[in-house]
Amino acid sequence: MGLFAISHHTIDTIDWNGGNSSMQSFSLDCPVVTLPTAFMRGRHTVSMLDVLELPELIAKDVDDYVAISCRLLSDQSFYQQMRSLISERKARLFQDKSVAQAFQVAVESICRKKQEVGQKPSGIRPLPLSTINPRIGIAGTDQAMAA
């Protein structure tokens with residue numbers, strides 16, 4: 001985290017972007033510029049910026065990615081506004097209990113569910129003996145093994 005403390009802003013790696021590094025950067029009010037890609041691995045920081053309501057830091061393409069970074073360097077009021085908004089809103093990322101609460105509800109509902117030990121799966125019926133090929137006989141069937 002030491003580098004984020006002295007960084008002006010962070011540029012997210014393209015195609016495999018920040019998880020912990022973005023969270024660390026936001027914890028220090030350091031803006032992160034990101035470029036979303038098709039896969040989830042390239043969209044973590046986008047989700048964080050969506051929570052922070054900072055679409056200004058989400059690039060539309062590579063040129064925009066560079067332009068946003070340059071703007072943070074050259075436009076002091078924009079840079080300060082981003083830092084201020086991150087400071088005001090970062091609790092949304094760090095103090096969100098909704099995922100933990102949903103996990104707790106799921107675990108409790110599964111653990112409190114009455115066990116259904118010994119029930120056969122629905123829709124599965126034993127093969128009637130009348131369908132067995134008489135040339136093979138019952139000896140080679142699962143029913144013979146179970147008997």
Side-chain angles (χ1 to χ4, degrees), residues 1-129 131-132 138 140-147:
M1 283 201 21
L3 290 176
F4 295 121
I6 61 171
S7 296
H8 184 271
H9 68 277
T10 304
I11 52 172
D12 217 1
T13 53
I14 298 174
D15 198 43
W16 201 292
N17 59 47
N20 284 337
S21 58
S22 293
M23 293 292 274
Q24 291 171 348
S25 188
F26 291 135
S27 75
L28 298 170
D29 306 331
C30 183
V32 181
V33 179
T34 192
L35 175 61
T37 58
F39 298 108
M40 184 181 81
R41 66 180 184 237
R43 303 187 70 79
H44 294 128
T45 305
V46 171
S47 296
M48 294 174 210
L49 289 168
D50 284 344
V51 169
L52 296 173
E53 297 180 55
L54 294 174
E56 302 92 337
L57 297 175
I58 303 170
K60 294 168 189 59
D61 54 37
V62 175
D63 291 334
D64 196 32
Y65 180 76
V66 173
I68 294 168
S69 184
C70 290
R71 183 175 179 202
L72 285 165
L73 290 168
S74 63
D75 185 341
Q76 188 63 23
S77 66
F78 175 67
Y79 171 71
Q80 287 302 330
Q81 178 189 25
M82 293 298 105
R83 287 186 57 91
S84 176
L85 291 172
I86 292 167
S87 180
E88 290 171 19
R89 300 173 182 171
K90 67 184 173 185
R92 297 176 188 180
L93 293 175
F94 298 110
Q95 296 175 8
D96 181 11
K97 306 251 188 281
S98 64
V99 173
Q101 290 166 344
F103 183 72
Q104 180 181 357
V105 168
V107 169
E108 286 179 355
S109 65
I110 291 167
C111 291
R112 295 185 198 290
K113 186 176 180 184
K114 183 178 177 184
Q115 292 185 356
E116 300 171 359
V117 177
Q119 292 185 349
K120 291 182 182 178
S122 64
I124 298 176
R125 304 281 182 254
L127 183 65
L129 290 176
T131 61
I132 298 174
I138 196 168
T141 68
D142 289 340
Q143 289 181 352
M145 293 178 203

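Quick caveat: nothing in here was measured; it's all calculated off a predicted structure. All values below come from the heavy atoms of this structure, side chains included, with hydrogens, waters and symmetry mates left out.
- Annotation: side chain of Y65 is not in contact with side chain of K60 (no heavy-atom distance under 4.5 Å).
- Smallest separation of non-hydrogen atoms from P31 and I86: CA-CD1, 3.6 Å.
- R43 places a side-chain N or O within 3.5 Å of a backbone atom of T37 that can act as its donor or acceptor partner.
- Side chain of T13 to backbone of W16: a donor-acceptor contact under 3.5 angstrom is found.
- Residue-environment remark: CZ (F94) exceeds the threshold of 12 foreign heavy atoms within 6.0 Å.
- Here the options are T34, L85, L49, the test is side-chain contact (heavy atoms from CB on, under 4.5 Å), and the partner is L57; only L49 passes.
- The backbone N or O of D15 sits less than 3.5 Å from a side-chain atom of R41, completing a donor-acceptor pair.
- The nearest pair of heavy atoms linking P36 to I58 is CD-CG2, 3.8 Å.
- Under the 4.5 Å side-chain criterion, counting only non-hydrogen atoms from C-beta, S22 is not in contact with N17.
- Residues D64 and A59 come closest through the heavy atom pair OD2-CA, 3.3 Å.
- Here the closest heavy-atom approach between residue L72 and residue M82 is recorded as CD2-CG, 4.1 Å.
- Residues V33 and D12 form no side-chain contact, since every pair of their non-hydrogen atoms from C-beta on lies 4.5 Å or further apart.
- Heavy atoms of other residues, nucleotides or ligands lying less than 6.0 angstrom from CG of D61 number more than 12.
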Can R92 and E53 be said to form a salt bridge (Lys or Arg N to Asp or Glu O under 4.0 Å), step by step? CA-CA 10 Å; R92 297 176 188 180; E53 297 180 55; 2.8 Å; yes
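- Put simply, the side chain of Y79 never gets that close to the backbone of H9: no donor and acceptor are under 3.5 Å apart.
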Checking M48 against L54 for the side-chain contact (heavy atoms from CB on, under 4.5 Å) test, could you report, in this order, the C-alpha distance in whole Å, the side-chain angles of both residues, the deciding distance, and whether it holds? CA-CA 9 Å; M48 294 174 210; L54 294 174; over 6 Å; no
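- Judged purely by atom type and a 3.5 angstrom limit, S84 has no side-chain atom pairing as donor or acceptor with the backbone of Q81.
- Judged purely by atom type and a 3.5 angstrom limit, S109 uses its side chain to pair as donor or acceptor with the backbone of V105.
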